[in-house]
Novice: 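This is the structure, below, for whatever I ask next.
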Protein chains: 2
Amino acid sequence: MVAHVRGQGAAYDARRTAILDAVFALVDTEGVAQVTIRRVADRAGVSVGRVQHYFKTKDELLEAASSAINDRGAERVAEHAAGTPGDTLRAILRVLIPRDEEDRRLFRVQQAFETYALTTPALGARVTQGYTELSALFALLLGGPDRTADGQELLATAVGLATLTLTDVITPAEAEVIVLRRVDQLLA
Amino acid sequence: MVAHVRGQGAAYDARRTAILDAVFALVDTEGVAQVTIRRVADRAGVSVGRVQHYFKTKDELLEAASSAINDRGAERVAEHAAGTPGDTLRAILRVLIPRDEEDRRLFRVQQAFETYALTTPALGARVTQGYTELSALFALLLGGPDRTADGQELLATAVGLATLTLTDVITPAEAEVIVLRRVDQLLA
DNA sequence: ATCTAATCAATACCAACGTATTGTTCTGCT
DNA sequence: AGCAGAACAATACGTTGGTATTGATTAGAT
């Protein structure tokens, strides 16, 4: 499907993704600090040479992982745009709360890379852009540009609820009730 | 002032704090991953032996730093309890938003250690406890235990606004307007 | 069939890591 | 004054880090 340069194998994307998945698994359980080329290779069950072939340097690997996790989050949001603006909004907000253990893993990795991006300007821009787009989308779904502040508040609440859920301060169910109650107030 | 064991020097606390400050500076500019005993020693202008003397292992150093940054946040909140419940609430909420560059540094370091705590169970408990206490305080200031959900929402909004401010999605001024507007609604 | 580039495993390199050890200097009780 | 332990500085040790290099193998265009 995708055009590729001469000689590039068909399994290129799959192998690349497998390596990135190993990075995510390591980040999830041990943090970005513990990510090493060797450990990534071990976790993925491949050689160091292979990892180096797909990502020339460690920085490149981490940047690709950061980008990939960002995209995965954006996809999750995009998948839930359907029905009335209100329904779309509710669906997206639900997706922003880590529900089961699989969600929690994803959110932990996202937070790890968000923190990593704080000290890596090139990545920081992407995080900012993602949040900014989501904020604009929220305002739009609430009624238009004059709901900008409401959109920002809603996004902030969702982001904060995710943090509180991830740190076991509240349960996913509590978070959902709170954010849905608030969005209903803002939609009324 | 503080009771200390025999022979412990008077400058003990000051020297210990100086080392932790070096850790904070490193975490702020380079992230937890880049913290090494040698770099900490260099940044603090002391020998590796000194760092080792005050913190036997790197884990102990990071745990102490995490604890210290947590305490500093708690102090900032505690300082602003005065006047009516409403005024206290407003004052605390303002403190939870990174205003100037100095605030931003503190918040960046806090977020770095919060993420670090996600993969370090012993530290995770402290983070959870801190948020839980703050949530309970918010509910109390809003009127009592039956305002628990409102307290949680308010905390989530404040936490999220801090994140959005730190990532340059919104300005500190915007964040303050939003959270103060919301707390006024909840106090009415 | 051949040839070129992609692919990858193996391994070597050196810097930097955390830590342990050693010995000296300083502090403060008695 | 003298002694015990704190408070270092210096340095050595073994490990692991990222990266470079090399060579064998494979895939795919011609």
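The chains referred to below are lettered A, B, ... by the order of the sequence lines, with proteins before strands, and numbering in each begins at 1.
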Novice: All N/O contacts under 3.5 Å from nucleotides 22-25 of chain D to the protein, with atom names and distances to one decimal?
Specialist:
none

Novice: Short of 4.0 Å, heavy atom to strand atom, which residues of residues 59-67 of chain B count as contacting DNA chain C?
Specialist: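 None - not one residue of the stretch has a heavy atom sitting under 4.0 Å from the strand.
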
Novice: Under 4.0 Å between a side-chain N or O of B/H53 and OP1 or OP2 of D/dC8?
Specialist: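 False: B/H53 side-chain N/O out of range (4.0 Å or more) of D/dC8 OP1/OP2.
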
Novice: Are any of B/R50's side-chain N or O atoms less than 4.0 Å away from OP1 or OP2 of D/dA7?
Specialist: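 Indeed not, no polar side-chain atom of B/R50 lies that close.
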
Novice: Contact list please: residues 27-44 of chain B against DNA chain C, heavy atoms, distance less than 4.0 Å, in numerical order.
Specialist: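 Correct list: B/V35, B/T36, B/I37, B/R38, B/R39.
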
Novice: Which residue, A/G49 or B/Q52, contacts DNA chain D at a nucleotide closer to its 5' end, judged by nearest heavy atom?
Specialist: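 Looking at the nearest nucleotide for each, B/Q52 comes out on the 5' side.
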
Novice: Please list all pairs passing the side-chain hydrogen bond (donor to acceptor under 3.5 Å, both in side chains) test where one or both residues lie in residues 155-165 of chain B, with sequence neighbours left out.
Specialist: A/T157-B/T157

Novice: Report whether A/I178 and A/L166 are members of the same hydrophobic cluster (ILVMFWY, side-chain heavy atoms less than 4.5 Å apart, transitive linking).
Specialist: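 The answer is no; the residues belong to distinct hydrophobic clusters.
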
Novice: Can you measure B/K56 atom NZ to C/dT21 atom C1' for me and round it to whole angstrom units?
Specialist: 16 Å

Novice: Would A/V46 and A/V27 show up in the same hydrophobic cluster when neighbours are defined by side-chain heavy atoms closer than 4.5 Å?
Specialist: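 Yes; A/V27 is reachable from A/V46 via cluster members.
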
Novice: Got a salt bridge between A/E101 and A/R104, using NZ or NE/NH1/NH2 to carboxylate O under 4.0 Å?
Specialist: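 A salt bridge links A/E101 with A/R104.
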
Novice: Using only heavy-atom distances, determine whether the side chains of B/E30 and A/T119 contain a donor-acceptor pair under 3.5 Å.
Specialist: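 Looking only at side-chain atoms, A/T119 and B/E30 do not form any donor-acceptor pair under 3.5 Å.
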
Novice: Should B/D103 and B/R76 count as an ion pair when the cut-off is N to O under 4.0 Å?
Specialist: yes

Novice: Between the side chains of A/Q185 and A/R182, is a donor N or O closer than 3.5 angstrom to an acceptor N or O?
Specialist: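 Distance-only check passes for A/Q185 and A/R182.
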
Novice: Tell me the ring-ring contact (aromatic ring centres under 6.0 Å, His included) pairs involving residues 84-132 of chain A, sequence neighbours left out?
Specialist: none

Novice: Checking A/E114 against A/Q110: is there a side-chain donor and acceptor pair closer than 3.5 Å?
Specialist: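 The answer is no; no qualifying pair exists.
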
Novice: Any salt bridge linking A/D100 with A/R105? Criterion: basic side-chain nitrogen under 4.0 Å from a carboxylate oxygen.
Specialist: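 Salt bridge: no.
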
Novice: Is there a side-chain polar atom (N or O) of A/Y54 under 4.0 Å from OP1 or OP2 of C/dC8?
Specialist: yes

Novice: Name all residues meeting the ring-ring contact (aromatic ring centres under 6.0 Å, His included) criterion together with A/Y54; count only those two or more places apart in sequence or in a different chain, and write none if there are none.
Specialist: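 Here the qualifying residues are A/Y12.
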
